[in-house]
Amino acid sequence: MAQRMHGYTLKEPVGVVGHIVPWNYPTTMFFFKVGPALAAGCAVVVKPAEQTPLSALFYAHLAREAGVPAGVLNVVPGFGPTAGAAVAAHMDVDKVSFTGSTEVGRLVMRAAAESNLKPVSLELGGKSPVIVFDDADLDMAVNLVNFATYTNKGEICVAGTRIYVQEGIYDEFVKKAAELASKSVVGDPFNPSVSQGPQVDKDQYEKVLRYIDIGKREGATLVTGGKPCGDKGYYIEPTIFTDVKDDMTIAQDEIFGPVMALMKFKTVEEVIQKANNTRYGLAAGIVTKNIDVANTVSRSIRAGAIWINCYFAFDPDAPFGGYKMSGFGKDMGMDALDKYLQTKTVVTPLYNTPWL
């Protein structure tokens, strides 16, 4: 006969969490990471991006004023190879959550493995497809794709930059998309009439322009944009390429800038294969009025978020994170709490219990 036992499980905070957050959404990412970690009972160390440290420092100041005890919420500004590496390798950090490039994500995992084998969650790059079917409302689809590609000047991990349009509406879509992009006002983002501001810094600006040059050299057709704007600042015109092949660099690499790669497809089966022909798997968009097509495609694409007839549809209750080389682990939803908790089993023998 099995021994009589009383057993239960506990969910406990994982301990000290190191958050390494990116520059493109410094406020949003701060709260995506810090909120659930604190709610789970963890202490946190935030390493903001070197380009955007001030907002994180200000939120730590507000937390102190709100009564968060000293040592619970900490901000350590610095550069990735020094401050970020120190967080990832520290023996007293019990978990690391990193958002950024796939290249640096590998370094974070390596540092975690070579130190105290701390668990890691990664939200990395993306090359998200948006698939527009023949039955879509054309004007709605053009506006949605423009929004998906150029929001935050393309500096967003889920940007929809691989655009697949079914052959029946492809030519008209290209025409309307080029017209809309060419009307975009690029300039000072504090001006209400401006649609698109500058790239974050000179390095990113030059990187985007290099990718535009690569697209032209590899044989893609530049339909609109592709040049710097103005005499100073890091402004780039909204750019559209057609005649893009799936193996081209601009269809495979995350550019992180206002560059759209437009491609044509015939069948549902074909576009599913094309959409999955990427090392990334962060998000995807589907534009169609056919619920059967939407269901089939949404279940076939290997990505962590699928948006049907919408884009950037985030919600605090909807877990967000990637497949494949876009990383693992979720922000938001109950999944975000779970990744900052660990499960403990407690078992005690029972003797002379009256009810067994």
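Only this structure's heavy atoms are used, side chains among them; waters, hydrogens and symmetry mates stay out. These figures come from a predicted structure and were not determined experimentally.
Here the closest non-hydrogen pair linking Pro77 and Val75 is CD-O, 3.6 Å. Minimum interatomic distance between Tyr280 and Gly125 (heavy atoms only, all atoms of both residues): CD2-O, 3.4 Å. When all heavy atoms of Ser298 and Ile306 are compared, the pair lying nearest together is CB-CG2, 3.7 Å. Nearest approach of Met248 to Asp243, heavy atoms of both residues: CE-O, 3.7 Å. For Pro129 against Ala275, the heavy-atom pair with the smallest separation is CG-CB, 3.9 Å. Annotation for Val287 and Asp135: closest pair O-OD1, 4.5 Å, computed over non-hydrogen atoms.
Applying the ring pair (Phe, Tyr, Trp, His ring centres under 6.0 Å) rule to pairs touching residues 145-174 yields Phe147-Phe312, sequence neighbours excluded. Listed by first then second residue, pairs satisfying ring pair (Phe, Tyr, Trp, His ring centres under 6.0 Å) with a partner in residues 62-90 number zero, not counting sequence neighbours. Applying the ring pair (Phe, Tyr, Trp, His ring centres under 6.0 Å) rule to pairs touching residues 220-270 yields Trp23-Phe256, Phe133-Phe265, Tyr205-Tyr234, sequence neighbours excluded. Judged as a salt bridge (Lys or Arg N to Asp or Glu O under 4.0 Å), the pairs with a partner in residues 272-294 (not counting sequence neighbours) are, in order, Asp246-Lys274, Asp253-Arg279. Residue pairs that meet the salt bridge (Lys or Arg N to Asp or Glu O under 4.0 Å) test with at least one member in residues 325-354, sequence neighbours left out, are Glu12-Lys344, Lys33-Asp331, Asp331-Lys339. For residues 146-165, the pairs satisfying salt bridge (Lys or Arg N to Asp or Glu O under 4.0 Å) are Lys153-Glu155, with sequence neighbours left out.
Glu218 places a side-chain N or O within 3.5 Å of a backbone atom of Thr249 that can act as its donor or acceptor partner. In this structure, Ser184 contributes its side chain and Ser195 its backbone to no donor-acceptor pair below 3.5 Å.
Taking 4.0 Å as the cut-off between side-chain N and carboxylate O, Glu50 and Lys47 count as a salt-bridged pair. Here Arg210 does not pair with Asp213 in a salt bridge; the nearest charged N to carboxylate O distance is not below 4.0 Å. A salt bridge links Glu237 with Lys227: the distance from a Lys NZ or Arg NE/NH1/NH2 to an Asp or Glu carboxylate oxygen falls below 4.0 Å.
With sequence neighbours excluded, no residue satisfies side chain to side chain donor-acceptor pair (under 3.5 Å) with Asp201. With sequence neighbours excluded, no residue satisfies salt bridge (charged side-chain N to carboxylate O under 4.0 Å, His left out) with Lys264.
Residue-environment remark: NZ (Lys11) exceeds the threshold of 12 foreign heavy atoms within 6.0 Å. Around CD1 of Ile291, the count of heavy atoms belonging to other residues, nucleotides or ligands within 6.0 Å does not exceed 12. Within 6.0 Å of atom CE in Met334, 12 or fewer heavy atoms from other residues, nucleotides or ligands are found, so the atom counts as exposed in its surroundings.
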With a cut-off of 3.5 Å and sequence neighbours excluded, list every side-chain donor-acceptor pair involving residues 54-70.
unit_1, atom_1, unit_2, atom_2, d
Tyr59, OH, Thr27, OG1, 2.5
His61, NE2, Glu65, OE2, 3.3

**Test side chain to side chain donor-acceptor pair (under 3.5 Å) applied to Thr288 and Asn290, step by step** = CA-CA 5 Å; Thr288 180; Asn290 187 323; 5.6 Å; no
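Residues Val185 make up the rest of the hydrophobic cluster containing Val194, defined by ILVMFWY side-chain heavy atoms closer than 4.5 Å, directly or through other members. Taking Ile, Leu, Val, Met, Phe, Trp and Tyr as hydrophobic and joining them when side-chain heavy atoms fall under 4.5 Å apart, one finds Tyr323 isolated, its cluster having no other members. Residue Val16 is found in a hydrophobic cluster whose other members, listed by chain and number, are Ile20, Val45, Val76, Val87, Val93, Val96, Phe98, Val104, Val108, Met109, Val120, Leu122, Leu124, Phe328; membership requires side-chain heavy atoms under 4.5 Å apart, directly or through intermediates.
No side-chain heavy atom of Val44 sits under 4.5 Å from any side-chain heavy atom of Val72.
Cluster annotation: Ile156 is connected to Met29 through the hydrophobic network of ILVMFWY side chains, with a link wherever side-chain heavy atoms come within less than 4.5 Å. Under the 4.5 Å side-chain heavy-atom criterion for grouping Ile, Leu, Val, Met, Phe, Trp and Tyr, Leu282 is connected to Phe32 within one hydrophobic cluster.
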